[in-house]
Amino acid sequence: MKLPGFLSKLIDSRETALIKKDFKEMWQNMIVRTMLVFVPLLFVVLLPILFMVLAKVLPSSSMQGMEQMRGLLTEKQSYMNNQQALFAIYSDYLSPMLFLIVPLMTACVTAANSFVGEKERSTMETLFLTPLTAPEIFDSKVLGCVGLSAISSLISFVLYAIVMSVGDVLLEVRSFWTNPNWIMIVFLLSPALIVFGVLFMVLVSGRSHSFMESVQICGYVLFPLILIYIGQFTGAFRLNAVSYLLISFLIMIIDFIIWKITSVHFTPEKLLR
Amino acid sequence: MNAIFAERLTKSFNGRQNAVDLLTLDIPEGIAYGLVGGSGAGKTTVVKMMAGLLTPDSGQCTIMGINPVKAPAHLHQICGVVTSTAHMYACMTGRENLILFGQMAGMKTEDAQIRAAELMKDLGIWQARDLLVRDLPTGMLQRISLARALMTHPRVLLLDEPTSGLDTEGAEAVLSVISGLVREEGVTVLLCTHHLIYAQQLCGQFGILKEGHLIANGSLETLCQEASCHIRAGFRLPQEDKIQGFTKCGDGFWEREIDSEEEMPDLMRKTVAEGHDIYEARLNYPTLTEAYTTLIGKEELL
């Protein structure tokens with residue numbers, strides 16, 4: 001496997017060897033493999049299909065509480081019948097949060113395996129005995145985790161776009177492709193969350209003693225996403241493209257701060273305690 | 001230039017007791033130096049400080065003039081390190097591990113493959129080249145770790161218990177490779193071990209470490225002098241015979257201490273002249289174990 005040209009310029013062959021080794025190790029770990037394949041499939045393919053089928057087959061009369069839920073629709077969406085409205089609400093409010101679980105979880109799990117797992121298996125010390133510097137090891141590992149999570153998230157988005165397009169056609173709505181929020185979510189918020197997930201795991205890796213312990217910590221990272229989802233669904237606030245842009249920038253600032261902290265603390269003395 | 005230099009090296013993990021206390025070492029290039037001591041003596045801490053894995057609280061050390069705290073990566077280009085806590089990747093074969101570490105050291109894949117094969121053959125682990133590391137016995141793992149440290153043709157080797165977990169045959173293979181490196185390639189070796197027999201077999205200079213303090217340092221001769229351990233001349237006499245000034249050993253030999261082996265011919269002549277028949281004669285040289293036991297004992301009395 002050869003790295004793309006632009007990446008080869010950024011990292012040398014020694015770091016490439018480390019990244020390839022990390023990929024191989026991740027793929028051989030069943031929990032990581034499950035997270036990289038089945039979590040995206042569940043959140044961006046199976047759940048949207050389930051919602052789409054429900055919206056299509058459920059008769060309008062059996063939909064309870066639709067009047068209150070219609071309040072979440074925009075003026076442009078007021079023409080929609082109950083089935084269309086249900087699908088549009090899913091598309092606008094629920095699915096972005098479900099989609100964002102993918103980059104965040106994949107980033108956390110890959111980083112947990114790459115940093116905590118390596119420490120747990122006592123191979124981190126062996127890495128520190130190579131002619132790679134601590135910053136080179138840190139950068140290669142972060143790059144590997146970010147790269148793998150980004151690929152997983154991008155593939156997830158393509159699959160999600162296909163499923164939602166089918167939904168738009170079947171339910172005769174124009175919900176997904178007219179929503180500009182997705183541009184911010186895919187190109188700004190997801191990368192920012194991936195970097196956050198990876199660096200957060202590096203931050204806790206010093207205190208975490210096992211891969212499983214750190215995977216459990218991943219759960220806490222999802223908490224803010226759940227709060228945003230509840231806030232939107234109860235009508236407390238509504239996120240638009242600008243809000244996503246601002247949140248992305250805020251997370252990028254947090255990423256920068258955590259990166260500064262973690263890169264300084266990534267030393268054999270602190271990690272091998 | 002001294003290959004390994006340490007000056008007043010001190011490290012504490014709890015702030016109360018020093019794991020290594022004011023250690024000063026000066027090891028010339030091209031020799032094997034055995035740093036021996038019991039469990040908790042501070043051997044591993046010394047290796048880890050010299051390898052750049054731990055930062056000394058005070059004092060400093062250099063390996064071939066490189067400070068491990070300031071330039072650990074540069075150091076690892078010329079210095080191979082084996083510690084019992086640095087493991088190999090369990091999901092890869094021994095050979096894949098060696099090639100990976102070669103690549104991470106900047107070697108081309110082809111060169112790493114050739115070097116890995118060469119080392120695995122030398123260390124007697126070639127037959128296990130395609131087995132996953134997780135399926136290998138401890139002895140093989142230990143030899144793969146040594147092969148990893150040797151991948152880049154290091155000029156200095158820091159070895160922490162490299163024979164631990166090895167059977168006699170495995171330990172002999174490891175020692176033979178290391179002694180070949182010292183003899184033929186002029187590699188400097190710091191061997192930290194509690195296996196005194198192996199240390200004596202490989203090393204020409206020794207340091208005895210006790211609770212972080214270097215209590216003795218020098219050649220075996222120096223340590224023996226310090227410990228007042230002498231050469232013992234031994235004679236096997238007829239069963240009913242007794243000899244004045246000698247002590248009878250369990251194996252039937254009569255022994256007494258002498259200052260040097262030059263005394264032996266005279267002692268034999270004198271014994272025969274006194275009317276004793278000598279069936280067998282031998283010289284028992286003091287071992288590192290004897291010197292170590294005496295010096296550690298002396299230290300405890302102080």
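Each chain gets a letter, A, B and so on, in the order its sequence line appears, and its residues count up from 1.
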Quiz item: Out of curiosity, A/Lys21 NZ to B/Asn97 CG, how far, rounded to the nearest 0.5 Å?
Solution: 9.5 Å

Practice problem: Could you grab the distance from atom CG of B/Leu53 to atom CG of A/Leu271, nearest 0.5 Å is fine? | Solution: 11.0 Å

Self-check item: Pairwise distance CE(B/Met92) to CD(A/Glu25) - rounded to 0.5 angstrom
Solution: 8.0 Å

Exercise. Tell me, for A/Lys24 versus chain B, whether the close heavy atoms (under 4.5 Å) come from the side chain, the backbone, both or neither.
Key: side chain

Quiz item: Do A/Glu125 and B/Thr83 have a side chain donor and acceptor closer than 3.5 Å?
Solution: yes

Quiz prompt | Reported CE-to-CZ distance for the pair B/Met88 and A/Arg121, which is rounded to 0.5 angstrom | solution = 14.0 Å

Quiz item: Of the non-hydrogen atoms in A/Pro268 and B/Gly52, which two are nearest, and what is the gap between them?
Solution: CG-O, 3.8 Å

Quiz prompt | Expected output: side-chain B/His76 to main-chain A/Phe128 donor-acceptor under 3.5 Å | solution = yes

Quiz item: Considering only heavy atoms, which portion of B/Lys108 lies under 4.5 Å from any heavy atom of chain A: side chain, backbone, both, or neither?
Solution: neither

Quiz prompt | Separation between CG of A/Asp12 and CE of B/Met104, rounded to the nearest 0.5 Å | solution = 12.0 Å

Exercise. May I ask you to decide whether A/Glu269 forms a salt bridge with B/Lys11, counting only side-chain N to carboxylate O separations under 4.0 Å?
Key: yes

Self-check item: Considering all heavy atoms, the nearest B/Gln103-A/Arg14 contact
Solution: O-CG, 3.4 Å

Quiz item: Does A/Thr126 reach the main-chain N or O of B/His87 with its side chain, forming a donor-acceptor pair under 3.5 Å?
Solution: yes

Quiz item: Between B/Met151 and chain A, which part of the residue has a heavy atom less than 4.5 Å away: side chain, backbone, both or neither?
Solution: neither

Quiz item: Rounded to the nearest 0.5 Å, what separation is found between the CZ atom of B/Phe101 and the CG atom of A/Leu132?
Solution: 10.0 Å

Practice problem: Taking atom types as modelled, find out whether A/Gln28 and B/Tyr89 have a side-chain donor-acceptor pair closer than 3.5 angstrom. | Solution: no

